[in-house]
Amino acid sequence: MVRLLRPFGRAVTYTRLLHLFIAIVWPSMWLFIEEAWWTWVGAAVLLAPVGLLPAMRTVEGLQARLLLTGHRPDGGSADIVVAPSVSWRDRGRLVVWLEARLLIGCATSVFCAQLLIAMADLVWAAFGGDTDSGELFALDGHAWWHVLLVPVALGTLAVTVVVSGHLITALARRLLGPSPAERMAALEERTEQLLERTRIARELHDSIGHALTVAVVQAGAARAAGDPAFTERALDAIEETGRAALEDLERVLGILRESERPVSSRPTLVDADRLLESARASGAKVEADLTGQLDAVPGPVSREGYRILQESLTNVLRHAGSVPVRARIAVADGTLTLEVRNPLTADIPGPGRGSGLRGIRERAALLGGRARTGPDQGDWQVHVELPLG
């Protein structure tokens with residue numbers, strides 16, 4: 001019983017009924033002026049050209065979102081579009097929607113009015129009053145039992161309100177919903193948002209992870225060394241790395257706060273020396289081999305290459321510590337080759353574990369390249385090839 005009464009405790013049940021009543025306001029006013037059956041036909045005919053106006057879908061969509069779904073007009077349901085019509089198919093669906101809304105609104109309003117009048121007549125007849133409008137219930141004379149028919153009429157009224165509300169809402173989602181082209185555009189936009197979120201997550205992981213790793217390694221080495229000069233150098237390295245991480249963090253947070261703001265310059269492979277020096281300052285013996293014109297590498301490839309190099313050096317510091325590292329960056333034959341190798345240690349990350357290694361492979365795949373990570377001839381290697389085209 002409680003389940004049956006639940007719809008009547010929701011405001012949307014009554015706003016749906018209001019939505020139907022709004023549809024017949026102006027035809028009803030016309031009917032008061034000219035009492036003829038063709039008034040409704042004329043209203044239906046006038047709605048056809050109105051539905052061809054592109055802005056009408058925005059008007060109807062806002063009403064439907066607010067009154068039929070219970071969502072705010074500026075957000076909520078994506079099942080109902082509030083954008084203007086852009087194709088004749090959309091305009092045709094809007095015309096059908098306007099006609100259907102008028103028809104259902106008229107039928108629901110007339111039937112609900114008749115039920116209310118019938119309930120009043122039943123109560124009046126039960127107390128001996130004269131009735132002449134018993135169109136739904138044939139009242140023969142005056143009898144107390146007429147009042148027992150009131151719950152029947154009330155139940156019919158309740159069912160009519162709920163069913164008509166569900167019917168008009170289903171039609172709205174069908175006729176005011178997005179077209180296939182709009183669904184595809186929304187899917188592409190959602191995909192772009194997810195890709196952007198993934199990119200930002202990788203940016204934060206690489207930048208902040210690298211800074212924290214350098215700080216931890218430097219602090220541990222300074223404590224173990226007990227040398228004031230070494231400690232001074234370690235603090236300088238921590239300060240420089242922390243400052244760079246703060247700049248990256250501020251840039252990423254700026255993108256999140258203002259999605260339409262242009263992305264400021266991100267580090268590229270031209271800045272690779274900064275990463276190599278940071279790794280050397282942390283105790284790693286880095287041997288670098290840079291060949292080719294790094295400044296000629298396209299922006300997206302250069303930026304992702306920088307992050308791959310950063311994550312590779314971070315993994316060396318995190319898992320191997322102060323070990324010899326061979327870094328090779330080569331630009332030749334339309335390909336950027338990036339390789340980082342270090343001796344294997346006991347703490348070896350598995351080929352499929354860790355978000356850092358996964359991020360390296362994802363970056364390479366997004367640029368149409370390939371990445372290999374794992375043991376190779378007694379070393380741990382990260383080998384990435386990215387096309388420049």
Side-chain angles (χ1 to χ4, degrees), residues 199 202-203 205-207 209-211 213-214 217 237 240-241 244-245 247-248 263-345 348-349 351 354 356-389:
R199 187 188 68 78
R202 285 199 303 263
E203 291 278 326
H205 172 272
D206 294 345
S207 178
H210 176 76
T213 299
V214 169
V217 171
E240 181 181 353
T241 305
E247 292 176 358
D248 283 345
V263 180
S264 58
S265 60
R266 294 161 52 195
T268 63
L269 284 175
V270 178
D271 307 308
D273 288 339
R274 185 175 70 178
L275 286 178
L276 299 174
E277 289 301 324
S278 176
R280 292 189 183 103
S282 299
K285 304 174 182 61
V286 182
E287 178 184 340
D289 180 17
L290 281 66
T291 59
Q293 296 182 340
L294 296 182
D295 56 352
V297 177
V301 179
S302 187
R303 288 191 292 267
E304 296 304 320
Y306 178 91
R307 292 305 184 189
I308 291 173
L309 176 63
Q310 184 181 53
E311 181 58 31
S312 301
L313 294 175
T314 301
N315 282 338
V316 173
L317 296 174
R318 181 181 298 149
H319 299 290
S322 301
V323 297
V325 180
R326 298 190 301 277
R328 183 171 68 91
I329 304 175
V331 180
D333 300 327
T335 302
L336 169 66
T337 303
L338 194 152
E339 185 178 74
V340 177
R341 303 177 71 95
N342 63 275
L344 283 172
T345 61
I348 302 174
L357 296 179
R358 184 173 64 249
I360 290 175
R361 291 189 289 269
E362 289 176 353
R363 290 178 188 275
L366 286 174
L367 293 173
R370 56 183 181 177
R372 298 195 308 270
T373 60
D376 180 67
Q377 300 179 0
D379 290 338
W380 177 269
Q381 73 154 355
V382 174
H383 185 91
V384 178
E385 295 180 3
L386 303 176
L388 300 181

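One-based numbering along the sequence shown.
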Please assess L313 against V325 for the test side chain to side chain contact (heavy atoms under 4.5 Å, CB included), listing each intermediate value before the final yes or no. CA-CA 9 Å; L313 294 175; V325 180; 4.2 Å; yes
What residues form a side-chain hydrogen bond (donor to acceptor under 3.5 Å, both in side chains) with D376, not counting sequence neighbours? R341
I308 side, atom CD1; L367 side, atom CG - distance, nearest 0.5 Å: 7.0 Å
Approximate separation, where rounding is to 0.5 Å, of T314 OG1 and L309 CG: 9.0 Å
What distance do L275 atom CG and Y306 atom OH have between them, rounded to the nearest 0.5 Å? 3.5 Å
For R326, what residues pass the side-chain hydrogen bond (donor to acceptor under 3.5 Å, both in side chains) criterion, not counting sequence neighbours? D379
Who are the salt bridge (Lys or Arg N to Asp or Glu O under 4.0 Å) partners of R372, not counting sequence neighbours? none
Contacts of S302 that satisfy side chain to side chain contact (heavy atoms under 4.5 Å, CB included) - sequence neighbours left out: T268, L269, V297
Once side-chain hydrogen bond (donor to acceptor under 3.5 Å, both in side chains) is applied, do any residues pair with E339, and if so which ones, sequence neighbours excluded? H383
In short, V384 meets A364 closest at the heavy-atom pair CG1-CB, 4.1 Å
Between atom CG of L338 and atom CD1 of I360, what is the distance when rounded to the nearest 0.5 Å? 9.0 Å
R274: what forms a salt bridge (Lys or Arg N to Asp or Glu O under 4.0 Å) with it, not counting sequence neighbours? none
Identified side chain to side chain contact (heavy atoms under 4.5 Å, CB included) partner of P267 from the options Q310, R303, R307: R307
Where do N342 and V316 come nearest, in terms of heavy atoms and distance? OD1-CG2, 3.3 Å
Identify, with sequence neighbours excluded, every residue that meets salt bridge (Lys or Arg N to Asp or Glu O under 4.0 Å) alongside E277. R280
Would you call N315 and L357 a side-chain contact if the rule is heavy atoms closer than 4.5 Å? yes
Could you list the donor-acceptor pairs under 3.5 angstrom formed between side-chain atoms of residues 284-291 and any protein atom two or more places apart in sequence or on another chain?
none

